[in-house]
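Structure first, commentary second.
This chain uses plain numbering: 1 for the first residue, then up along the sequence. Both backbone and side-chain heavy atoms feed into the values below; hydrogens, waters and symmetry mates do not.
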Amino acid sequence: MDSGNHCLRFIVRISGQTSRLQGMCGISGFQNGLDARFHNPYTVILDTMEENQLLLLDNENACLRSMNRINLRVSTLKIFDPSDKEYSNMIQLTADLYVAHEDAIIEYTYST
């Protein structure tokens, strides 16, 4: 995550080289699809239910989003309270996803 530049980058740890993976680096926004836009993306994890999917918190857009690792298509899974943008981290246990908020833990359940 390159939060300040509103994009996701691919990093080669050995060489330190980076390249843009998704989002328009330097331009914030909200858009799904192959030309996604983010506003301060914060955390990314591998989805344990869908191995070809990453889950990410788009903090300033107050939402949970997914990105397909094969075609890089971005989708929005859940929009949280847009007036409250303090979503800091997440963990996935079995199927359920737990999002840490400044004042609470929010549960996202795949089945519902």
Side-chain angles (χ1 to χ4, degrees):
M1 305 304 266
D2 187 349
S3 296
N5 284 311
H6 316 293
C7 61
L8 282 68
R9 294 187 189 269
F10 182 76
I11 301 170
V12 179
R13 291 184 188 205
I14 295 170
S15 67
Q17 292 180 321
T18 66
S19 59
R20 184 188 68 82
L21 184 61
Q22 187 52 279
M24 181 65 71
C25 296
I27 300 173
S28 65
F30 180 85
Q31 183 173 312
N32 289 321
L34 296 175
D35 294 320
R37 300 289 181 271
F38 305 100
H39 193 170
N40 192 23
Y42 197 77
T43 302
V44 63
I45 63 172
L46 181 62
D47 187 345
T48 61
M49 295 298 292
E50 298 284 339
E51 67 181 38
N52 289 324
Q53 181 169 271
L54 297 174
L55 299 171
L56 58 107
L57 288 175
D58 191 354
N59 198 40
E60 290 296 316
N61 285 321
C63 62
L64 173 63
R65 300 178 81 183
S66 66
M67 184 181 79
N68 183 292
R69 293 173 49 196
I70 307 299
N71 64 20
L72 305 182
R73 182 176 300 278
V74 173
S75 302
T76 300
L77 299 176
K78 174 73 176 168
I79 298 176
F80 303 118
D81 180 354
S83 67
D84 192 0
K85 300 173 180 160
E86 297 297 325
Y87 305 96
S88 59
N89 213 335
M90 65 182 154
I91 187 170
Q92 190 173 25
L93 302 174
T94 316
D96 296 339
L97 187 70
Y98 297 90
V99 177
H101 180 270
E102 181 179 57
D103 299 322
I105 301 291
I106 300 165
E107 181 181 22
Y108 176 81
T109 305
Y110 265 80
S111 61
T112 58

Closest non-hydrogen atom pair between Leu56 and Met1, with its separation: CB-CE, 3.9 Å

Heavy-atom donor-acceptor pair, Asn5 side chain to Cys7 backbone, under 3.5 Å: no

Applying salt bridge (charged side-chain N to carboxylate O under 4.0 Å, His left out), can you list everything that pairs with Arg37, at least two apart in sequence or on another chain? none

Is the backbone N or O of Cys25 less than 3.5 Å from a side-chain atom of His6, with the two atoms forming a donor-acceptor pair by type? no

Please list, one pair per line, the donor and acceptor atoms closer than 3.5 Å that link side chains of residues 26-33 to other protein atoms, with sequence neighbours excluded.
{"from": "Gln31", "atom 1": "NE2", "to": "Asp35", "atom 2": "O", "distance (Å)": "3.0"}
{"from": "Asn32", "atom 1": "OD1", "to": "Arg65", "atom 2": "NH2", "distance (Å)": "3.0"}
{"from": "Asn32", "atom 1": "OD1", "to": "Thr76", "atom 2": "N", "distance (Å)": "3.3"}
{"from": "Asn32", "atom 1": "OD1", "to": "Thr76", "atom 2": "OG1", "distance (Å)": "2.9"}
{"from": "Asn32", "atom 1": "ND2", "to": "Thr76", "atom 2": "OG1", "distance (Å)": "3.3"}

Inter-residue atom distance Glu50.CD - Asn68.CG, 0.5 Å rounding: 9.0 Å

Grab the two heavy atoms, one from Ile45 and one from Leu97, that are nearest each other, plus how far apart they are. CD1-CD1, 3.7 Å

Looking at Thr94, is its backbone amide N or carbonyl O close enough to the side chain of Thr48 to form a donor-acceptor pair, meaning the two atoms are under 3.5 Å apart? yes

Using 0.5 Å steps for rounding, measure from the CG atom of Asn59 to the OG1 atom of Thr43. 8.0 Å

Can you name the salt bridge (charged side-chain N to carboxylate O under 4.0 Å, His left out) partners of Arg9, sequence neighbours left out? Asp2

Between Gln22 and Arg73, is there a donor-acceptor pair closer than 3.5 Å when you use the side chain of the first and the backbone of the second? no

Distance in Å, Ser66 OG paired with Leu54 CG, rounded so as to fall on 0.5 Å steps: 9.0 Å

Exam field: side chain Asn61 to backbone Cys63, donor-acceptor pair closer than 3.5 Å: no

Using every non-hydrogen atom in the two residues, find where Gln92 and Asp47 come nearest and quote the distance to one decimal. NE2-OD1, 3.0 Å

Heavy-atom pair with the smallest gap, counting every atom of Leu77 and Tyr108: CB-OH, 3.7 Å

Looking at side-chain heavy atoms only, is the closest gap between Val44 and Met67 below 4.5 Å? no

Tell me whether Asn52 contacts the main-chain N or O of Arg69 through its side chain, where contact means a donor paired with an acceptor under 3.5 Å. no

What's the shortest heavy-atom distance between Leu72 and Leu34, and which atoms? C-CD2, 4.2 Å

